[in-house]
Amino acid sequence: MRKLVALPVLSADALSSVAYGPEAMLAVLVLGGAAGLAYTVPIAATIAFLMLAVGVSYRQTIRAYPHGGGSYIVASDNLGRVPGLIAAAGLMTDYILTVAVSIASGVAAIASAVPSLATDAVPIGVGVIALLLAGNLRGIRQAGALFAAPTYAFIIAVFALVAVGLVDAAGRGFHPTATPHLNATESVGVLLVMRAFASGSTAMTGIEAISNAVPAFKPVEWRNARTTLTWMVGLLIVLFAGTVAMVRLDGVVPSTQETVLSQLAHRSFGSGPLYILTQAATAAVLLLAANTAYNDFPRVLFLLARDRHAPQIFLRLGDRLAFSNGIILLSIAAALVYVAFSGMTASLIPLYAVGVFLAFALSQAGMVVHWWRLRDRHWRKSLFFNATGALLSAVVFLTAGITKFTEGAWVAVLAVGLFLVVTMRIRRHYESVGKALRLHPHAIELPTPTIPAHPSRGAAQSPATTSQLPEALPDARTEEDARTEEEDEETPEEIRHLSVVPIATMDLAGMRALAYAASLHQPVLALHVSPEEDEAERFREYWTLWGDHLPLEVVVSPYRAIVAPLVHYIEALHAKRPDLTLTVILPEIVTMRWRYRLLHSRIAPRLRHALRPLPKIVITTVPFHV
């Protein structure tokens with residue numbers, strides 16, 4: 001992406017937080033009355049410094065990880081498996097709450113302009129999540145002017161709001177407007193100030209998005225990413241500071257009927273078209289911010305599944321080249337959280353800060369270890385910046401976790417703990433299954449193949465074409481026989497077989513399926529679907545080392561899809577030889593405990609569903625019990 005497009009697309013989450021971050025801070029300070037509101041500027045200045053420190057820290061991350069360095073990758077590489085999983089838990093909590101908080105704040109912006117919709121906040125929010133689910137399942141991508149427009153519109157609207165407000169304040173000598181009379185419900189102390197600081201710090205969410213997406217930039221990628229990050233942090237600080245300044249000058253306080261940003265827009269623009277445009281831009285950028293999580297959440301799940309900490313179904317791309325299972329899981333989780341907290345931004349904020357700053361702290365701590373080990377040019381400066389970011393992020397995490405524990409932060413802490421336990425157990429299960437499946441010196445040997453071995457020397461690209469199908473097939477019947485024969489065989493002698501055995505890896509389950517197929521004394525074809533050419537070549541080498549007992553065909557599926565390439569290949573095979581009965585024999589892992597069944601592929605039912613319209617195709621499985 002060009003920087004002009006990358007800035008609004010990747011900054012939507014961070015910049016849109018201006019719509020709820022300052023208000024979250026004020027909602028705590030107002031509990032202390034006028035004395036509490038007196039701390040608005042000092043706390044806001046501290047948060048602005050924190051934005052700068054964390055932004056500079058992520059500039060170092062981009063330099064160290066030019067191919068993308070999210071919190072999970074950085075923490076895993078430098079701190080170990082458990083800290084990496086804790087960072088991933090923080091990230092995934094962050095993404096779920098990004099959807100819930102952004103939609104809650106967006107609905108509040110709409111309800112501020114149209115008060116009659118306030119009572120329907122929950123169904124409206126759930127409907128928006130459903131729309132995001134449908135759109136992302138169809139492969140919508142955040143790119144181009146369509147997705148850049150809301151962020152630029154929001155930036156312009158807030159700048160205009162602040163500019164008009166400053167001009168108006170200048171006319172009265174910058175004397176602040178008196179706030180409404182406030183009754184203090186809490187004493188002003190360290191606890192109240194720290195709670196306000198933790199709430200206001202949610203305005204920093206989304207800062208790490210650019211470090212995750214470095215490969216998406218035009219060359220030189222890391223340099224363009226760092227420039228974009230600098231602009232994003234600069235804009236975030238200016239928008240945040242401008243909003244807080246206008247709050248103080250106009251004497252605005254949080255209200256249950258209208259958002260703070262809406263009150264400021266009313267004071268600057270009245271109720272005319274500019275006010276409507278401001279509220280529309282705010283709602284649109286918050287919707288875009290929610291949609292960013294639909295790119296990042298499934299990607300983290302993919303990385304976890306790749307490392308065997310999550311079910312393998314999250315490795316799979318859907319028909320629209322989207323990680324469908326991750327998208328569905330995110331939608332369900334976000335909808336449950338949104339409904340549980342009645343779509344109220346103020347109730348969701350305490351959960352938000354915990355996950356965000358946990359991931360920030362571990363990522364920056366990982367970078368400190370990285371620079372200490374590397375010690376290249378300027379390593380001391382980079383280490384200092386990352387250490388500062390790690391320390392400040394840890395302070396916010398601890399502050400949010402302690403001061404807001406009873407307000408809902410305990411939910412996020414509990415979610416992180418449960419996530420760690422579940423992912424470690426999943427990893428342990430996959431390791432035990434891998435040990436059970438590992439080939440050994442006395443692995444299953446196949447009988448002599450019934451047709452000459454015909455290993456594939458090249459990889460077919462999915463979908464398969466007739467010219468890429470193996471030549472070592474049973475003799476074809478005449479064209480007239482092939483046309484007339486459908487499923488009218490009445491005796492065993494009339495059925496002509498070809499067994500197709502999809503093999504993912506050379507393990508005992510695959511060997512047992514091959515042995516079963518060969519024992520039927522019918523022609524057998526092994527089929528391997530590989531995500532890339534290098535892996536395909538490695539599989540051919542394993543196959544040759546094993547002994548080339550059977551013909552092998554390799555299909556390269558660069559999008560990590562399994563079922564679609566199998567279906568395309570079998571359809572092409574059926575079209576070439578309609579006289580054959582194709583028996584697809586699949587190795588199947590069968591776990592003794594039901595809770596582990598979701599961790600293993602369920603390809604057979606999906607193949608049956610996809611191939612049901614074709615005659616003379618049989619799907620069967622060879623179980624391997626673990």
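What you see is a predicted model, and the numbers here were worked out from it, not measured in a lab.
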Rounded to the nearest 0.5 Å, what separation is found between the [atom1] atom of [X] and the [atom2] atom of [Y]?
X: T292; Y: N212; atom1: OG1; atom2: CG; answer: 10.5 Å
X: S499; Y: L525; atom1: OG; atom2: CG; answer: 9.5 Å
X: L132; Y: L287; atom1: CG; atom2: CG; answer: 5.5 Å
X: L7; Y: R2; atom1: CG; atom2: CZ; answer: 11.5 Å
X: R81; Y: M424; atom1: CZ; atom2: CE; answer: 6.0 Å
X: T581; Y: H574; atom1: OG1; atom2: NE2; answer: 8.5 Å

Can you tell me if CZ on R608 sees more than 12 non-hydrogen neighbours from other groups inside 6.0 Å?
yes
If we only count heavy atoms from C-beta on, is the [X] to [Y] side-chain gap below 4.5 Å?
X: Q522; Y: L498; result: no
X: L348; Y: V337; result: yes
X: L527; Y: L566; result: yes
X: I503; Y: V501; result: yes
X: I328; Y: L137; result: yes
X: V421; Y: L418; result: no
X: V354; Y: T93; result: no
X: L508; Y: L439; result: yes

Check for a donor-acceptor pair, side chain of [X] on one end and backbone N or O of [Y] on the other, with a separation under 3.5 Å.
X: D13; Y: A289; value: no
X: N78; Y: V74; value: yes
X: Y430; Y: Q312; value: yes
X: E553; Y: H528; value: no
X: T621; Y: P623; value: no
X: S530; Y: A536; value: yes
X: W222; Y: P215; value: no
X: T423; Y: L420; value: yes

Under the side-chain hydrogen bond (donor to acceptor under 3.5 Å, both in side chains) test, residues paired with [X] that sit two or more places apart:
X: T228; result: none
X: S16; result: none
X: Y294; result: S331
X: T151; result: none

Any chance you could lay out the side-chain contact (heavy atoms from CB on, under 4.5 Å) test for Y65 and V214, step after step, and finish with the verdict?
CA-CA 8 Å; Y65 286 84; V214 177; over 6 Å; no
Taking it one step at a time, do V618 and V584 satisfy side-chain contact (heavy atoms from CB on, under 4.5 Å)?
CA-CA 6 Å; V618 179; V584 183; over 6 Å; no
Shortest non-hydrogen contact from [X] toward [Y]:
X: P8; Y: A148; value: CG-CB, 3.4 Å
X: I585; Y: A517; value: CD1-CB, 3.6 Å
X: L304; Y: A88; value: CD2-CB, 4.1 Å
X: I426; Y: A310; value: CG2-N, 3.8 Å
X: A225; Y: I210; value: O-CG2, 3.5 Å
X: A87; Y: A359; value: O-CB, 4.0 Å

Would you please say whether a donor-acceptor pair under 3.5 Å links the side chains of [X] and [Y]?
X: E208; Y: S363; answer: no
X: Y72; Y: D307; answer: yes
X: Y352; Y: T98; answer: yes
X: N136; Y: N291; answer: yes

Return the set of residues passing ring pair (Phe, Tyr, Trp, His ring centres under 6.0 Å) with [X] (not counting sequence neighbours), or none when no residue passes.
X: F314; result: none
X: H309; result: none
X: F341; result: none

Tell me which pairs pass salt bridge (charged side-chain N to carboxylate O under 4.0 Å, His left out) where either residue lies in residues 581-591, with sequence neighbours left out.
E588-R602
Aromatic rings H429 and Y596: how do their planes relate, parallel, tilted or perpendicular, breaks at 30° and 60°?
parallel
Between L580 and K616, is a side-chain contact (heavy atoms from CB on, under 4.5 Å) present by the stated rule, with each step listed?
CA-CA 7 Å; L580 295 178; K616 301 171 67 173; over 6 Å; no
Applying salt bridge (Lys or Arg N to Asp or Glu O under 4.0 Å), can you list everything that pairs with R299, at least two apart in sequence or on another chain?
none
Any residue meeting salt bridge (Lys or Arg N to Asp or Glu O under 4.0 Å) with E221, in chain and number order, not counting sequence neighbours:
none
The test is salt bridge (Lys or Arg N to Asp or Glu O under 4.0 Å); show your working for R540 and E537 and say whether it passes.
CA-CA 5 Å; R540 291 191 202 96; E537 190 57 40; 2.6 Å; yes
Is it true that R427 and E431 make a salt bridge, defined as a side-chain N closer than 4.0 Å to a carboxylate O?
yes
Any pair counted as side chain to side chain donor-acceptor pair (under 3.5 Å), so long as it reaches residues 501-510, sequence neighbours left out:
T505-D507
Not counting sequence neighbours, list each pair that qualifies as a ring-ring contact (aromatic ring centres under 6.0 Å, His included) and has a residue in residues 601-626.
none
Full working for side-chain contact (heavy atoms from CB on, under 4.5 Å) between V99 and Y338:
CA-CA 9 Å; V99 176; Y338 184 86; over 6 Å; no
